[in-house]
Chemist: 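Okay, handing you the structure first.
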Amino acid sequence: MGNSEQKIKKIALIGNPNVGKSVLFSRLTGVRVLVSNYPGTTVEFLKSKITIDGDEVEIVDLPGTYSLEPNVPAEEVAVKMLTDVDLIINVIDATNLERNLYLTMELLETKHPMIIALNMSDELKHRGISINKDDLEKLLGVKVTLTSGITGVGIKQLKENINKANPVNVATRTHQQRWIEIGTIVDKIQRLSHRHHTFLEILEDASVNHWWGFVIAVGAIFISFKVVRFIGEGLINYVLDPFFNSIYLPFLEYLSGLLNSGSFLHSILIGHLIEGKIDFQQSMGVLTTAPYVELVMVFPYVLAFYLLLSFLEDSGYIPRLALLLDNIMHKLGLHGFAIIPVLLGFGCNVPGILGTRILESKRERFIASTLISIGIPCAALQAMIVGILGGFGGRYVALVYAVLFIVWLFLGAAMNYFLKGYSPELFLEIPPYRMPSLKLLLKKVFYRIRGFIIEAMPVVLASVLVINVLQQIHLFEFISGLFGPVLSFVFGLPKEAIWVLIVGILRKDIAAGMLIPLDLTIKQLVIACVVLSMSFPCIATFVIFMKELGMKRLIQATMIMLAITMLVGGALNMMM
Amino acid sequence: MKRISLIKMKARQTGTILEIEGGSAFEKRLAAMGISIGKHVTKLSAFVMRGPVAIKVGRTVVALGYGMASKVWVIPNKK
Ligand SMILES: Nc1nc2c(ncn2[C@@H]2O[C@H](COP(=O)(O)OP(=O)(O)O)[C@@H](O)[C@H]2O)c(=O)[nH]1
Ligand SMILES: [Mg+2]
């Protein structure tokens with residue numbers, strides 16, 4: 001049926017979680033989307049337009065669902081969207097055909113025009129599976145294309161098949177009947193050849209084991225730290241710092257001479273000279289410290305972090321971590337799956353809080369979001385903590401992390417105790433390991449880094465500019481004098497540190513950078529780093545928290561945050 | 001052979017699913033993932049302290065909370 005009288009206006013990609021819908025969406029439309037090797041990456045639907053035979057058609061990427069009887073909010077989104085769709089592209093993981101066909105059966109019963117993308121076809125061979133596509137087509141009555149989101153095979157064919165889509169006249173069946181039919185189909189068209197378990201498959205099972213799993217997890221976390229440090233420090237010491245000092249510095253020195261030390265413009269652009277010289281860490285100029293902090297001290301670690309996170313995401317390791325941590329997370333009113341937004345939060349709190357959408361209940365989302373904004377320092381701030389405290393010895397860095405971790409556990413346990421309700425149980429599919437596609441991985445890292453630079457640079461430059469102007473017009477000391485005494489009383493910090501907290505609301509990294517010229521003791525630095533991590537999340541996090549959870553929840557979280565920051569900062573001041 | 005729940009199975013033990021308690025919604029949710037009565041199941045992990053259970057059915061690996069796992073009954077295979 002050519003669908004000649006009725007034009008297709010809206011197409012939906014639908015399928016089980018983690019079958020490659022988003023990769024195909026991106027291949028079909030050219031729009032970039034976040035893909036990861038775990039269920040629940042797409043929590044909202046994405047829209048774009050493609051042209052088919054000269055007509056513009058809307059295409060949507062839906063969250064994955066196992067059936068048309070939704071069990072979690074993301075699945076509900078998918079099922080609701082289906083009602084006004086003209087054509088379905090059912091994406092199937094060819095390496096797990098039987099399981100995927102259940103949804104296909106249900107979709108056929110909706111009588112929508114439909115085509116099928118048999119995705120992950122590149123994995124069939126080494127998993128010892130062969131599928132007779134033509135027979136599958138005949139048995140189901142709809143067009144089937146073997147595709148691969150990774151290699152791009154079949155995408156063109158899939159697009160061409162859109163016009164050949166046809167609805168099938170299938171009566172609604174019971175559960176049982178569907179499974180029987182699937183059994184018959186699979187028997188006819190799929191052949192499995194026996195082969196030895198591959199190393200990856202052995203690792204797959206070992207890493208969810210209650211004993212080996214933890215051994216592997218400790219190893220993985222240890223290696224992760226090493227890798228991030230290696231990449232971060234390497235870039236700083238051998239690439240970026242030398243570049244700034246040998247190429248950018250001479251230019252600044254020339255400019256400094258031109259402007260005359262002490263002039264208004266000099267104070268703002270170059271900042272203070274330290275013993276007659278520009279000091280990238282201390283001068284605090286818009287052209288000196290601001291770019292140095294962001295590009296030399298922070299950027300390398302952010303890059304390293306996202307490379308690692310993206311690798312972990314695409315390989316399929318994270319759901320295994322979720323399983324291993326499920327027990328602990330339950331003590332905090334969450335389940336293991338909540339580790340995903342938490343890990344995202346280590347990069348930036350904003351995607352972390354957005355990521356809590358994968359959790360079922362409002363209560364879980366509140367607990368997770370509050371824990372992320374208080375206890376999880378973003379990558380940019382962590383880079384600065386390492387940069388500032390590392391010189392005094394790794395144990396001070398470890399101390400800050402230890403304090404944050406303890407706060408995190410206690411706060412989570414307290415919220416779990418006091419908040420009404422209970423936390424749902426873990427229910428999570430664990431995908432097979434996949435060797436990440438280097439191209440997709442680098443693309444993902446590139447977009448994350450680009451986002452970071454675009455968002456961070458202007459704010460950092462503007463913050464330093466405003467601070468310097470305030471200093472020039474003497475408003476700086478006035479405000480320091482007003483709030484400073486509280487700060488020195490509770491945290492033992494000098495009154496100028498109030499500016500660190502104020503700037504911290506805009507961005508944490510440059511705020512931490514402002515600690516360097518203050519000449520603090522190591523005790524003060526540790527307290528300042530803890531307070532900066534825990535106190536007001538940056539404004540971007542604030543806004544997203546409000547959007548996602550509402551004003552009332554935001555105020556509650558802020559109250560908790562203020563109280564606990566005072567408590568922990570004050571306690572550290574007394575004990576250290 | 002006596003039936004036991006997923007909880008009582010040992011890691012790496014295999015069996016056949018006999019019964020799924022806990023209401024039809026739960027049963028359907030599992031079924032949509034390919035886990036249903038008569039299916040062959042392997043337990044992959046057994047955590048202490050009422051921890052989750054990971055099982056493998058066909059090519060699907062699923063982690064279930066303790067409560068859910070206690071509602072899935074299995075006839076274990078002899079070693
Ligand atoms: N080997 C292989 N991996 C794929 C293919 N399509 C997607 N992937 C990977 O499978 C994972 C899930 O993809 P994604 O598009 O996020 O799935 P979605 O949840 O269905 O949107 C990602 O790690 C992808 O890189 C494919 O055709 N072959
Ligand atoms: Mg997706």
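A, B, ... follow the sequence lines: proteins, then strands. Residue 1 opens every chain. Heavy-atom basis, side chains included; hydrogens, waters and symmetry copies ignored.
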Chemist: Check for me whether Arg363(A) meets the cation-pi criterion with Tyr422(A), that is, NZ or CZ under 6.0 Å from the six-membered ring centre and within 45 degrees of the ring axis.
Modeler: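 Judged by the rule (NZ or CZ under 6.0 Å from the ring centre, within 45° of its axis), Arg363(A) is not positioned above Tyr422(A).
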
Chemist: I'd like to know if the side chain of Thr14(B) pairs up with that of Asn77(B) as donor and acceptor (distance under 3.5 Å, no hydrogens or angles considered).
Modeler: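 The answer is yes; a qualifying pair exists.
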
Chemist: Could you check which of Gly67(B), Ala25(B), Ala54(B) has the highest count of heavy-atom pairs closer than 4.5 Å to chain A?
Modeler: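 Looking at each option in turn, the highest pair count goes to Gly67(B).
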
Chemist: Tell me, for Leu101(A) versus chain B, whether the close heavy atoms (under 4.5 Å) come from the side chain, the backbone, both or neither.
Modeler: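 For Leu101(A), no heavy atom lies under 4.5 Å from chain B.
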
Chemist: Counting only heavy atoms closer than 4.5 Å, note whether Tyr66(A) contacts chain B via side chain, backbone, both or neither.
Modeler: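 Its backbone and side chain both get close to chain B.
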
Chemist: How long is the span from the CD atom in Glu69(A) to the NE2 atom in His175(A), to the nearest 0.5 Å?
Modeler: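 Going from CD on Glu69(A) over to NE2 on His175(A), the span is 7.0 Å.
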
Chemist: How long is the gap from NZ on Lys21(A) to CG on Leu62(A), to the nearest 0.5 Å?
Modeler: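 The CG atom of Leu62(A) is 8.5 Å from NZ of Lys21(A), to the nearest 0.5 Å.
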
Chemist: Specify which of Asp93(A), Asn16(A), Ile182(A), Thr95(A) makes the most heavy-atom pairs with chain B at under 4.5 Å.
Modeler: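 Ranked by contacts with chain B, first place is Thr95(A).
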
Chemist: Picking from Ile35(B), Val57(B), Val62(B), which has the most non-hydrogen pairs under 4.5 angstrom with chain A?
Modeler: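 Max contact count across the listed options: Val62(B).
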
Chemist: Checking Ile328(A) against chain B: side chain, backbone, both or neither under 4.5 Å from a heavy atom?
Modeler: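 Neither part.
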
Chemist: Quick one: which of Tyr102(A), Trp212(A), Trp179(A) has the most heavy-atom pairs under 4.5 Å with chain B, could you say?
Modeler: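 Option with the greatest count: Trp179(A).
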
Chemist: Rounded to the nearest 0.5 Å, what's the gap from CG on Leu323(A) to CD1 on Ile430(A)? Could you check?
Modeler: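 The distance works out to 4.5 Å.
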
Chemist: Heavy-atom pairs under 4.5 Å with chain A - which of Val61(B), Leu30(B), Thr42(B) has more of them than the others?
Modeler: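 Among Val61(B), Leu30(B), Thr42(B), the one with the most close pairs to chain A is Val61(B).
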
Chemist: Determine the sole option in Ile129(A), Ile185(A), Leu118(A) for which the side-chain contact (heavy atoms from CB on, under 4.5 Å) test with Leu97(A) is passed.
Modeler: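 Testing Leu97(A) for a side-chain contact (heavy atoms from CB on, under 4.5 Å) against Ile129(A), Ile185(A), Leu118(A) leaves exactly one candidate, Leu118(A).
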
Chemist: For the interface with chain A, which of Met68(B), Met49(B), Lys43(B), Arg29(B) has the highest count of heavy-atom pairs at distances below 4.5 Å?
Modeler: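 Max contact count across the listed options: Arg29(B).
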
Chemist: Contact part of Leu192(A) toward chain B, heavy-atom cut-off under 4.5 Å: side chain, backbone, both or neither?
Modeler: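 Side chain only.
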
Chemist: For Lys56(B), is it the side chain, the backbone, both, or neither that has a heavy atom closer than 4.5 Å to a heavy atom of chain A?
Modeler: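 When you check distances to chain A, only side chain atoms of Lys56(B) fall under 4.5 Å.
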
Chemist: Less than 4.5 Å apart, any side-chain heavy atom of Leu64(B) and any of Leu6(B)?
Modeler: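 Heavy-atom side-chain distance check passes, below 4.5 Å.
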
Chemist: Measure Arg127(A) against the heavy atoms of chain B and call it side chain, backbone, both or neither at under 4.5 Å.
Modeler: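 Backbone plus side chain of Arg127(A), per the 4.5 Å heavy-atom cut-off to chain B.
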
Chemist: Just checking, is any N or O donor in the side chain of Arg191(A) or Ser130(A) under 3.5 Å from an acceptor N or O on the other one?
Modeler: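 The criterion, which ignores hydrogens and geometry beyond distance, is not satisfied for Ser130(A) and Arg191(A).
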
